[in-house]
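Notes follow once the structure below has been shown.
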Protein chains: 2
Amino acid sequence: MSSSVPNKRIRKSPAARRAEIVAAAAAVALSEGLECITLRRIAEELDVRPGLISHYFPAVEDLVAEAFGEAAGSELDGLLPADRGDATPTQHLARFFARTSGEAYDDISRLWLNARHLSRYRPALRDRVAVQEAAWRNRFEALVRDGVELGEFRTEDPLLAAIQILVVLDGLGMLVNSVDTDDDPPAVRRMPATTAERELGLPAGTLTAAANSN
Amino acid sequence: MSSSVPNKRIRKSPAARRAEIVAAAAAVALSEGLECITLRRIAEELDVRPGLISHYFPAVEDLVAEAFGEAAGSELDGLLPADRGDATPTQHLARFFARTSGEAYDDISRLWLNARHLSRYRPALRDRVAVQEAAWRNRFEALVRDGVELGEFRTEDPLLAAIQILVVLDGLGMLVNSVDTDDDPPAVRRMPATTAERELGLPAGTLTAAANSN
DNA sequence: TTGCCTGTTGGTCGCACACTCAATAGCATT
DNA sequence: AATGCTATTGAGTGTGCGACCAACAGGCAA
């Protein structure tokens with residue numbers, strides 16, 4: 001490996017080092033879980049000494065919260081880009097459900113499940129979860145509102161619709177660590193899209209129809 | 001306290017001691033969380049030495065799984081008794097939603113959230129979660145089927161309806177550790193009942209109408 | 001090239017955890 | 001009252017964690 005011989009120290013600017021630490025922690029959070037964010041684990045990841053992590057994050061809990069925020073935030077951008085480009089709200093939404101149905105979304109489901117549980121014991125994380133939850137809801141609400149204005153969706157309360165859809169998505173996410181997550185009925189796995197179609201006044205199947213263009 | 005002076009040992013039958021240990025662990029799981037089930041914690045609870053817990057559960061993970069099963073199982077019996085008595089399925093269901101709406105249900109929500117996350121790392125727990133999940137689904141399905149036969153409910157697939165309702169309930173349960181769990185719209189908190197009414201062909205409000213008899 | 005600021009190290013402390021096992025002492029049986 | 005089975009203890013092992021801090025050295029400024 002790269003460190004079989006005592007490694008030369010590399011000195012970086014505080015901002016760069018801090019960003020690097022948060023990025024490494026976010027990666028660990030997504031792939032292994034928030035409780036795997038330890039001083040030793042992240043230090044090893046970056047090939048530095050644990051003390052250095054402590055230097056930037058005197059309390060590990062703050063790093064955990066930061067890592068969650070980073071991971072959840074960038075996943076949101078991947079799933080529901082703030083800028084729709086030239087896609088219609090319906091296309092955008094359909095793409096969202098396509099992405100959240102794949103196995104690639106399992107890591108994000110696990111992350112949220114993880115964070116929501118760990119929030120019980122870690123106030124800093126609890127606050128971050130609240131922030132990200134608001135961000136997801138607002139991003140979703142904006143999309144709904146957009147669709148309503150364009151006449152594609154029909155609902156009296158865009159935020160309420162958004163929350164309801166996300167709650168159902170969370171409900172399915174609860175099952176992500178189950179032994180047999182993929183042998184319950186298709187109707188169950190289609191629940192988030194079905195909920196969206198109902199709440200937004202769309203014809204059934206609109207959001208799960210196979211691959212809309214790009 | 002009762003142990004300020006070296007305590008006299010009390011010798012119990014293996015079955016009794018084991019049951020006592022599981023009960024203590026289940027109580028800790030419900031009130032403080034599954035990760036608080038440690039040899040020391042449970043031993044202190046029962047005023048015995050940690051080694052004794054190890055004797056009955058050579059691997060702590062098995063105690064954790066057992067404790068979850070015990071807690072989830074008896075909560076299910078409290079929420080959806082297998083024997084309905086003389087209540088109609090509708091009354092039974094309404095009572096279920098009344099109970100799952102109160103703060104008393106928060107501990108159960110936390111337990112499920114906890115277990116589903118911890119399942120990621122603990123195979124024994126994962127299996128227990130699967131067993132309990134099946135138990136909850138089946139108990140619920142039996143109630144639905146019962147209601148369908150009596151002409152109170154209308155659905156093509158009782159198990160599917162049961163699963164869908166439980167998924168929504170889980171989705172709300174995800175929020176149990178949030179800062180402001182009770183300031184989202186009433187429509188959100190009524191989601192499980194609303195889902196049930198829709199899936200079972202009941203008039204809106206049937207299941208949330210104030211206090212049915214007993 | 002030199003000097004200094006500060007990012008980084010290495011070592012250490014105290015704590016909590018699961019797990020092991022020989023020795024002890026309840027208590028049912030006789 | 002004596003005996004023997006076995007439930008229970010006490011003591012110890014090793015691991016991993018967060019936190020702390022004096023000493024070191026990279027690399028920019030002079």
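Throughout, protein chains are lettered first and strands after them, A, B, ... in sequence-line order, and every chain is numbered starting at 1.
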Original post:
What are the residues of residues 55-68 of chain A, sorted by number, that bring a heavy atom to within less than 4.0 Å of DNA chain D?
Top reply: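 Here the set is A/Pro58, A/Ala59, A/Val60.
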**OP:** Could you check A/Arg40 against A/Glu44 for salt bridge (Lys or Arg N to Asp or Glu O under 4.0 Å), going step by step and ending with a plain yes or no?
**Re:** CA-CA 6 Å; A/Arg40 288 164 177 76; A/Glu44 186 186 17; over 6 Å; no
Between [atom2] of [N] and [atom1] of [X], the distance in whole Å:
| X | N | atom1 | atom2 | value |
| --- | --- | --- | --- | --- |
| B/Leu46 | D/dA7 | CG | P | 17 Å |
| A/Arg49 | C/dT12 | CZ | P | 15 Å |
| B/Asp47 | D/dG10 | CG | P | 11 Å |
| B/Glu44 | C/dC17 | CD | C1' | 15 Å |
| B/Arg17 | C/dG26 | CZ | P | 13 Å |

Original post:
Side chains of B/Asn177 and A/Arg126: is there a donor and an acceptor less than 3.5 Å apart?
Top reply: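 On atom types as modelled, these side chains do not qualify, holding no pair under 3.5 Å.
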Would you tabulate the pairs of protein nitrogen or oxygen atoms and nucleotide nitrogen or oxygen atoms of nucleotides 26-28 of chain D closer than 3.5 angstrom?
{"residue": "D/dG26", "atom": "N2", "partner": "A/Arg11", "partner atom": "NE", "Å": "3.3"}
{"residue": "D/dG26", "atom": "N2", "partner": "A/Arg11", "partner atom": "NH1", "Å": "3.1"}
{"residue": "D/dG26", "atom": "N2", "partner": "A/Arg11", "partner atom": "NH2", "Å": "2.6"}
{"residue": "D/dG26", "atom": "N3", "partner": "A/Arg11", "partner atom": "NE", "Å": "3.4"}
{"residue": "D/dG26", "atom": "N3", "partner": "A/Arg11", "partner atom": "NH1", "Å": "3.2"}

Original post:
By a strict heavy-atom criterion of less than 4.0 Å, which residues belonging to residues 23-40 of chain A are in contact with DNA chain C?
Top reply: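 Those residues: none at all.
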For [X] and [Y], which heavy atoms make the closest approach, and how far apart are they?
| X | Y | value |
| --- | --- | --- |
| A/Val60 | A/Ile37 | CG1-O, 3.8 Å |
| A/Ala115 | A/Val129 | CB-CG2, 3.8 Å |
| B/Arg17 | B/Ile10 | NH2-O, 2.9 Å |
| B/Phe68 | B/Arg128 | CE2-O, 4.0 Å |

